Amino acid sequence: MVIVEILQIGVIIMAKKQNIFTLIPKVDELLKVEKIEMLLEKVPRITVVESVRENIEYIRKKIIKLNEDEVEAFKIDEEELIENIIQKVTLKNKMNLRKVINATGVVLHTNLGRALLSDTIKEEIWNVASSYSTLEFDIDSGKRGSRYAHVEEIITKLTGAEAAMVVNNNAAAVLLVLDTLAKNKEVIVSRGQLVEIGGAFRVPDVMQQSGAKLVEVGTTNKTHFSDYENAISEETAVLLKVHTSNYRILGFTEEVSLKDLINLGKKSNIPVIEDIGSGTFIDFSKYGLYKEPTVQESVLAGADIVTFSGDKLLGGPQAGVIVGKEKYIKEMKKNPYTRAFRVDKLTLAALEATLRLYLNEEEEVIHQIPTLRMLTISLDEIKEKADTLYEMLKNNVKNCTIEKIEGVSQVGGGSMPLEEMPTVLIRIKPENISVNKFEALLRTYETPIITRISEDQVVIDVRTLKLDEFDIIVNGLCHILMR
Ligand SMILES: *Cc1c(COP(=O)(O)O)cnc(C)c1O
């Protein structure tokens, strides 16, 4: 008897649910709703149909889970359904790779794309991208040209090196150099310089990949000239110096200078290679920052080969630049890895245009290249920026407390790890939602706003913000905190 009753109730609920299912609008009907039809003019049909289907499926699943009481009360809110579809379409129609606002103050944020290209070189990049170009064509002779020729001249001019070439990134550059010069031979490197860079670039692994045999000398904190001297053998192909760009060994330490290593190399007829990581042409100590080795200094000191990144302190696109003695660069150009690591025309256009900016007076260069501008901006200017944003937020955003405090920003990108640049931070504490939720809503906002949390508040560092992003931030905060 009881079982029969339960079964009967089950049948009734099922019948009611069937009824509700028939109330769900059909895909075709929804596509004819004016608001959705309008979307079809701007968005691919497949995106709209997919969004409609997913929303219908969501409602079906919700109905299946209803119990008896809920079935009675259930209604389909068509307005809401349409809004949800529009929201989904908007979301799907966005590029996955897209702009975010970096409010972390970390200038070379590797996860957020490292260096920003200069506004002044847009046209140069787009011209090459959207037209046929001289990529591998020599205009004068009408014959095949080299894609490396476009930047070689300017790199040698800026660095004083005999020759130069460019590959995909600095990791590829180091691999190519070692494969060309030290395959099946020995490379001597200090134990204090066996660097790991974020994203699995480890000097010992790169060595292994290149077929070079790593000969470690010295200890973690101290490597002497004699350590190198004693390690040299018939099998030694290269003396390698790696700039410990993302860490410092402090205290009781000793490192052999590039100059001494070069002298030893000359005496023993072994090339000296330096991986300086963040290649910079600018002496940052002039701006009160840590003195990173400049490319020119290494070339002038007589390094046979110097490698560096294009998108760290140089402020250009992702690339690995190799400069040095022509006889070695020539060999590298013939290495099959060069083809595998070759840079694309967009990179070359961006790199050449960025490098050309360096022909200007330093004051101008620093102004034109965003990475340099953000690193060297004065505290007064930062204060001004912070005041502007602070006032805008104070006047427009409710449901939170906003304050301005002094703080520090970091260089990032494995450059100048100990450098703490004084900055002004804006701290925001939401009143009606948790700080974690607030951070997540900012991060998933239309234009994602990437912040950090400190002492239970969301922190915005104005150093890495562009002025035209202030409005977006204010609107975003209003939108998120008004609800
Ligand atoms: C960053 C860095 C690399 C890797 O450069 P990518 O351009 O990111 O490939 C290699 N060596 C050093 C010393 C670095 O600082």
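Just so it is clear, the model here is predicted, and its values are computed rather than measured. Every number for a ligand or one of its atoms is a count from 1 in the order of the listing. Throughout, numbering of the chain's residues begins at 1 and tracks the sequence.
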- Assess Arg342 against Tyr148: is NZ or CZ under 6.0 Å from the centre of the six-membered ring, and within 45 degrees of the ring's axis? no
- Item | Lys222 NZ/CZ over Phe252 ring centroid, <6.0 Å and within 45° of normal | yes
- Query: Should Ser285 and Asp283 be marked as a side chain to side chain donor-acceptor pair (under 3.5 Å) after you check the CA-CA gap, both sets of side-chain angles, and the distance that decides it?
  - Reply: CA-CA 6 Å; Ser285 63; Asp283 178 354; 2.6 Å; yes
- Query: How are the rings of Phe281 and Tyr358 set to each other: parallel, tilted or perpendicular (split at 30° and 60°)?
  - Reply: perpendicular
- Check each of Ser309, Gly310, Ala319, Gly320 against atom 6 (P) of ligand 1 and report the one with the nearest heavy atom. Ser309
- Note on the structure: Only residue of Lys327, Lys241, Lys325 satisfying salt bridge (Lys or Arg N to Asp or Glu O under 4.0 Å) with Asp304 is Lys325
- In the protein, which heavy atom is nearest to atom 10 (C) of ligand 1, and how far is it? Asn170 ND2, 3.2 Å
- Message: Heavy-atom distances under 4.0 Å decide this one: backbone, side chain, both or neither, for Ser245 against ligand 1?
- Response: side chain
- Task: Report the nearest protein non-hydrogen atom to atom 9 (O) of ligand 1: residue, atom name, distance rounded to 0.1 Å.
- Result: Ala171 N, 2.9 Å
- Query: Quick one: which ligand 1 atoms are inside 4.0 Å of a heavy atom on Asp275?
  - Reply: 10 (C), 11 (N), 12 (C), 13 (C)
- Side chain, backbone, both or neither: the part of Arg114 lying under 4.0 Å from ligand 1 by heavy atom: side chain
- Message: Run Asp138 and Ser141 through side chain to side chain donor-acceptor pair (under 3.5 Å) and show every step you take.
- Response: CA-CA 6 Å; Asp138 183 63; Ser141 67; 2.7 Å; yes
- Query: With a 4.0 Å cut-off on heavy atoms, does Val195 reach ligand 1?
  - Reply: no
- Task: May I ask you to check whether over 12 heavy atoms, not counting those of Glu297, lie within 6.0 Å of atom CD?
- Result: yes
- Query: At a 4.0 Å threshold, what atoms of ligand 1 neighbour a non-hydrogen atom of His243?
  - Reply: 13 (C)
- Numbered atoms and elements of ligand 1 in range of Gly277, under 4.0 angstrom, heavy atoms: 12 (C), 13 (C), 14 (C), 15 (O)
- Query: Mind checking whether Lys241 has a heavy atom under 4.0 Å from ligand 1?
  - Reply: no
- Message: Restricting to ring pair (Phe, Tyr, Trp, His ring centres under 6.0 Å), what partner residues turn up for Phe137, sequence neighbours left out?
- Response: none
- Give a yes/no on ligand 1: does Lys312 have at least one heavy atom closer than 4.0 angstrom to it? yes
